[in-house]
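Note that ligands are numbered from 1 as they come in the structure, with each ligand's atoms numbered from 1 the same way. The figures that follow rest on heavy atoms only: side chains count, while hydrogens, waters and symmetry mates do not.
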Amino acid sequence: MTFTGVTRSYGAVRAVDGLELTIAPGETVALLGRNGAGKSTTLNMLLGLLPPTEGEVRLFGGTPESAVRAGRVGAMLQDGKPVPRVTVRELVGFVAATYPRPMDVDEALALAGLDAFAGRRIDRLSGGQAQRVRFAVALAGNPELLVLDEPTAALDVEARRAFWTSMRGYARRGNTVLFSTHYLEEADEHADRIVVLDRGRVAADGSGAELRRRAGSALVSLDLGGAGSAPLAGLPGVSAVEIHGDRARLRSTDPDATVRALADLDLIRGLQVAPASLEDAFLALTAATPPATGTRPAKETV
Ligand SMILES: Nc1ncnc2c1ncn2[C@@H]1O[C@H](COP(=O)(O)OP(=O)(O)OP(=O)(O)O)[C@@H](O)[C@H]1O
Ligand SMILES: [Mg+2]
């Protein structure tokens, strides 16, 4: 699939802003970004549910609409409302029947961890159970591409683990998976590739390890002991400096060189060196600029 120069505006808000992204068959890709970064907008355009304002989205060599119509795509949307008054099995069966080469309904129910709820009415499920139904619905058509918008948002620990086991089994069959999440560990653990969106643009694209490296390989912190922070930014390897009270936190791409330079300055009180986490990387990649402005309601009520 390819996004070429894709922009989507809502009035003055550029939800997606000149997006360039290519995903190859068989890849499992995580889409990360803060609230409002443009993840859902991107996924909805990929599914043909939302036309781009500018640019082009291609899926399996054609338009998103034709790929979806051919039953090659399964989706789990962030705001999908399940149909009430039918049972889980009926709903998954209805959906499966609309696809040319559907998955066996029992297999879809089992993969989504719904065996025990197959006969339960949809409107009598808990939030996490309803979420599993949305996953079963996404699987029902046996699609080549699964598009999942925050698939684990409402799931408990056990359901989350079961979900990822199913998802990986599905990906191992050669299918492509694109999912969004706010859980960095999930992206790191379950995706081959992480795409970080920031205000509608790709802020970073690579494996979890690559993103950590990009953010600086380590965090070096120390007590200033009254010394000024002025020389810190110029030290070897240092890519960013944060001061919290008397403590300085340096992001460093070469922690050995940074520590040696600190020792030369006799700034080694309370010295700590820690590898950068994916969270550090994510914050460094998305926090550099203020969030997009939004309109506030005139009156705020609780
Ligand atoms: N229908 C809409 N009308 C107006 N603005 C919208 C609409 N949908 C989204 N937006 C705006 O577009 C931007 C991107 O929204 P989007 O839903 O794609 O973000 P997201 O990355 O999925 O966020 P979240 O993590 O909260 O789900 C936000 O600023 C949002 O307010
Ligand atoms: Mg969203």
Practice problem: Look only at interatomic distance and state if Q78 has a nitrogen or oxygen under 3.5 Å from any nitrogen or oxygen of ligand 1. | Solution: yes
- Message: Any nitrogen or oxygen of V13 lying under 3.5 Å from a nitrogen or oxygen in ligand 1? Just yes or no.
- Response: no
Next on the checklist: Is there a polar contact, in the sense of an N or O pair closer than 3.5 Å, between G33 and ligand 1?
Outcome noted: no
_L178-V73 co-clustered via ILVMFWY side chain contacts under 4.5 Å_ = yes
Worksheet entry | A37 N/O to ligand 1 N/O under 3.5 Å | yes
One finds that the ligand 1 atoms under 4.0 Å from a non-hydrogen atom of T41 are 14 (C), 15 (O), 16 (P), 18 (O)
Only residue of L59, V147, T42, D149 satisfying side-chain contact (heavy atoms from CB on, under 4.5 Å) with L47 is V147
Subject >> Whether R8 lies under 4.0 Å from ligand 1, heavy atom >> reply: no
- Check the hydrophobic clustering (I, L, V, M, F, W, Y; side-chain heavy atoms under 4.5 Å; chains of links allowed) and say if M103 and M76 are grouped together. yes
If two hydrophobic side chains count as joined below 4.5 Å and joins carry through other members, does V88 share a cluster with L91? yes
S180 near the Mg ion (ligand 2): N/O/S under 2.8 Å:
no
(message) Within 2.8 Å of the Mg ion (ligand 2), is there any N, O or S atom belonging to S40?
(response) yes
Quick one, D205 with R193, criterion salt bridge (Lys or Arg N to Asp or Glu O under 4.0 Å). Give me CA distance, side-chain angles, the key distance, then yes/no.
CA-CA 7 Å; D205 183 348; R193 177 176 162 199; 2.8 Å; yes
### Task
Go through L219 and R251 one step at a time and tell me if the side-chain contact (heavy atoms from CB on, under 4.5 Å) criterion holds.
CA-CA 5 Å; L219 293 170; R251 198 176 291 283; 3.8 Å; yes
